Structures are given as C-alpha cells and as structure tokens.
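Everything numeric here is computed off the predicted structure, so don't read it as measured data.
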Amino acid sequence: MTYTGDVQVGGPADVRELSKLTVTKLAVGPFDNNAYLLRCTETGEGVLIDAAAEPDRLLALINDQPLSAVVTTHQHGDHWQGLEQVVKVTGAATIAHPLDAGALPIAPDRLVEHGDRISVGVVTLEVIHLRGHTPGSIALLYDGGDGQQHLFTGDSLFPGGVGNTGKDPERFTQLYDDVVERLFNRLPDQTWVYPGHGKDTTLGAERPSLPEWRARGW
C-alpha cells in the first residue's frame with residue numbers, strides 16, 4: 001500500500017518503507033499530534049519523534065523492539081504527554097534542544113544544537129534549529145541517499161505556512177527567515193515534509209506560497 005501520511009486519531013498508523021529506514025506515522029491525542037517512529041532496516045534500532053500522547057498506543061507501535069531515543073521537537077506540552085511513560089518502559093534516552101529543555105517533564109539525556117547528528121542504527125538525522133515557534137524548536141532531516149530528503153518539522157512548518165508565533169512580528173520574521181534559509185534555500189522541491197500535526201507535504205508544494213506567507217505575517 002502506498003504511503004500517504006493521512007492518519008487519524010484512533011486509526012491505524014501509516015508506514016513508509018525507505019531503503020534504509022522505515023517511517024511509521026501515528027496520530028495521537030486531543031490535539032491530533034503526529035508521532036513518528038523511525039526504525040533502521042539493517043539494525044532494527046528505533047527512534048521516536050515526539051512522544052506526544054497516548055503512551056499505550058505509542059508503546060504498542062514500538063512493540064518491544066529496540067528504542068534508543070525519543071526526540072522532542074519543542075517544549076509545548078502536547079508534544080510530550082507520553083514521554084515519561086514511554087521512556088520508563090523502553091529505557092530510551094531523551095533528546096531536545098537546550099533552549100526548550102527546561103520546560104520538559106524530564107531533563108533530556110542529550111542536548112542537541114543546529115547541525116548535530118542523531119543516529120538511528122546505521123543512518124543519521126541532522127538537527128536543524130528553527131527559531132520562532134519556540135526558542136528551541138528543531139527539525140530533523142534524513143537524507144536517504146536516493147535523491148529524496150525526509151524532513152520532520154515539528155510545529156515549525158506545515159502545509160500552508162510556518163508554525164504559530166503568537167502574532168509576534170519578531171518571532172514570525174525569525175521563523176520565516178530560518179525556514180527559508182535553512183530549508184527552502186537548501187533542500188530540493190521533492191523533500192518530503194512530515195509535520196507535527198496534520199497531513200504531509202513537500203517543499204515544492206509549499207515553495208510558491210512563500211511570498212504570500214511573508215506578506216500576511218503568519
């Protein structure tokens with residue numbers, strides 16, 4: 001079955017099989033958060049992006065297989081409601097950016113900055129710091145080496161715009177500039193975007209709207 005990324009809370013996960021990585025997307029919780037389980041096809045090692053809610057469903061997804069880390073994309077509570085329980089059961093390390101670490105329910109085992117790498121078995125994810133939605137929001141980039149990049153953006157980029165910046169023009173400008181400079185100006189149109197809520201998109205689908213986003217200011 002072809003991956004679409006269209007998932008619903010209470011419904012099944014959607015699974016994407018890449019050459020070296022399996023991406024499993026699950027919608028959880030009252031805010032329709034996306035959680036992503038990445039698993040190395042060679043070693044079986046897994047990393048979870050955002051233990052957002054419904055830890056029982058997340059643990060069922062992990063299914064007693066190795067989980068080396070849980071990455072929290074940013075400090076907002078809807079992205080870590082399941083963190084403590086998932087870590088308690090799996091023993092996974094926790095990872096976040098230092099500027100958002102203090103708001104998390106448990107202190108991260110590892111703090112990551114822009115440009116750092118996170119291992120998932122034999123593959124790596126690149127940390128991209130996107131300032132504005134929160135001070136320490138991060139995206140994670142996986143380059144599959146097959147001409148397609150895979151970008152997990154938390155709440156910094158969605159279909160139709162950047163994340164919420166509280167109607168603060170300085171925060172909006174910072175986030176917009178980071179998204180343009182660190183994502184759109186660097187990565188190709190076919191880059192697949194996996195956001196923290198809702199449906200997936202690509203940079204190519206969103207690129208024509210950048211001037212409109214800048215003009216509207218949100």
Side-chain angles (χ1 to χ4, degrees), residues 1-9 11-29 31-38 47 49-50 52 71 73-74 76 78-79 114 120 123-134 137-167 169 171-218:
M1 184 175 294
T2 302
Y3 174 86
T4 65
D6 296 342
V7 293
Q8 304 294 328
V9 173
D14 200 1
V15 180
R16 187 171 198 172
E17 300 281 357
L18 306 173
S19 59
K20 296 182 180 180
L21 195 71
T22 299
V23 178
T24 304
K25 178 180 181 179
L26 185 71
V28 294
F31 296 99
D32 194 11
N33 287 74
N34 296 325
Y36 298 94
L37 178 62
L38 312 184
V47 167
I49 300 173
D50 285 342
V71 183
T73 59
H74 64 288
H76 289 156
D78 60 313
H79 288 259
H114 182 68
V120 188
V123 304
T124 59
L125 309 173
E126 178 187 343
V127 176
I128 302 176
H129 188 195
L130 299 171
R131 301 157 291 186
H133 180 64
T134 66
S137 289
I138 58 173
L140 301 171
L141 175 66
Y142 169 61
D143 186 342
D146 55 1
Q148 178 145 36
Q149 284 76 27
H150 301 266
L151 186 64
F152 301 86
T153 56
D155 283 3
S156 291
L157 177 64
F158 296 100
V162 299
N164 184 6
T165 52
K167 298 183 179 179
R171 286 174 57 196
F172 169 78
T173 298
Q174 179 68 81
L175 180 55
Y176 178 88
D177 288 348
D178 273 3
V179 164
V180 171
E181 176 185 346
R182 298 180 175 186
L183 304 182
F184 284 94
N185 286 355
R186 174 189 168 193
L187 299 169
D189 281 354
Q190 63 266 31
T191 301
W192 195 275
V193 176
Y194 306 81
H197 304 263
K199 295 184 178 182
D200 298 357
T201 187
T202 64
L203 291 186
E206 306 303 322
R207 193 183 301 273
S209 299
L210 287 174
E212 176 190 341
W213 301 355
R214 167 73 86 179
R216 77 188 185 196
W218 57 272

Practice task
Compare all side-chain heavy atoms of Ile138 with those of Val71 and state whether any distance is below 4.5 angstrom.
Solution key: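 Of all side-chain heavy-atom pairs linking Val71 with Ile138, at least one is under 4.5 Å.
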Exercise for the section: Taking the side chain as every heavy atom from C-beta outward, state whether Thr22 and Leu38 have any atom pair closer than 4.5 Å. Expected result: no
Using atom types as modelled and distance alone, determine if a side-chain donor or acceptor of [X] lies under 3.5 Å from a backbone N or O of [Y].
{"X": "Asp78", "Y": "Asn33", "value": "no"}
{"X": "Glu206", "Y": "Gly160", "value": "yes"}
{"X": "His150", "Y": "Trp192", "value": "no"}
{"X": "Asp14", "Y": "Val7", "value": "no"}
{"X": "Arg186", "Y": "Glu181", "value": "no"}
{"X": "Thr134", "Y": "Ser137", "value": "yes"}
{"X": "Gln148", "Y": "Gln190", "value": "yes"}
{"X": "Tyr36", "Y": "Pro195", "value": "yes"}
{"X": "Thr202", "Y": "Ala205", "value": "yes"}

Exercise for the section: Name all pairs fulfilling the salt bridge (charged side-chain N to carboxylate O under 4.0 Å, His left out) condition that reach into residues 17-27, sequence neighbours left out, sorted by first residue then second. Expected result: Lys25-Asp200
Please work out whether the ring planes of [X] and [Y] are parallel, tilted or perpendicular, with thresholds of 30° and 60°.
{"X": "Tyr3", "Y": "Tyr194", "answer": "tilted"}
{"X": "Phe158", "Y": "His197", "answer": "tilted"}
{"X": "His74", "Y": "His76", "answer": "perpendicular"}

Inter-residue atom distance [X].[atom1] - [Y].[atom2], 0.5 Å rounding:
{"X": "Thr153", "Y": "His133", "atom1": "OG1", "atom2": "NE2", "result": "10.5 Å"}
{"X": "Leu157", "Y": "Thr201", "atom1": "CG", "atom2": "OG1", "result": "7.5 Å"}
{"X": "Asn185", "Y": "Leu203", "atom1": "CG", "atom2": "CG", "result": "10.5 Å"}
{"X": "Thr24", "Y": "Leu37", "atom1": "OG1", "atom2": "CG", "result": "5.0 Å"}
{"X": "Leu187", "Y": "Leu151", "atom1": "CG", "atom2": "CG", "result": "6.5 Å"}
{"X": "Glu126", "Y": "Leu141", "atom1": "CD", "atom2": "CG", "result": "5.5 Å"}

Considering all heavy atoms of both residues, which atom of [X] and which atom of [Y] are nearest to each other, and what is their separation?
{"X": "Gly29", "Y": "Val9", "answer": "O-CG2, 3.5 Å"}
{"X": "Leu26", "Y": "Gly11", "answer": "CD1-O, 3.9 Å"}
{"X": "Ala139", "Y": "Leu130", "answer": "CB-CD1, 3.7 Å"}
{"X": "Ala35", "Y": "Asp50", "answer": "CB-O, 3.3 Å"}

Practice task
Decide yes or no on side chain to side chain contact (heavy atoms under 4.5 Å, CB included) for Thr73 and Asp155, but give the supporting numbers first.
Solution key: CA-CA 8 Å; Thr73 59; Asp155 283 3; 5.9 Å; no
Practice task
Could you pull out all residues at least two apart from Asp189 that satisfy salt bridge (charged side-chain N to carboxylate O under 4.0 Å, His left out)?
Solution key: Arg207
Problem - Qualifying residue for side-chain hydrogen bond (donor to acceptor under 3.5 Å, both in side chains) with Asp177, from Arg214, Arg182, Arg131 - result: Arg214
Exercise for the section: Name all residues meeting the ring-ring contact (aromatic ring centres under 6.0 Å, His included) criterion together with Phe172; count only those two or more places apart in sequence or in a different chain, and write none if there are none. Expected result: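 Partners of Phe172 under the ring-ring contact (aromatic ring centres under 6.0 Å, His included) test: Tyr176.
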Handout entry: Test side chain to side chain contact (heavy atoms under 4.5 Å, CB included) applied to Val23 and Phe152, step by step
Key = CA-CA 11 Å; Val23 178; Phe152 301 86; 4.0 Å; yes
Exercise for the section: Would you indicate whether Phe184, at its atom CZ, is surrounded by more than 12 heavy atoms from other residues, nucleotides or ligands within a distance under 6.0 Å? Expected result: yes
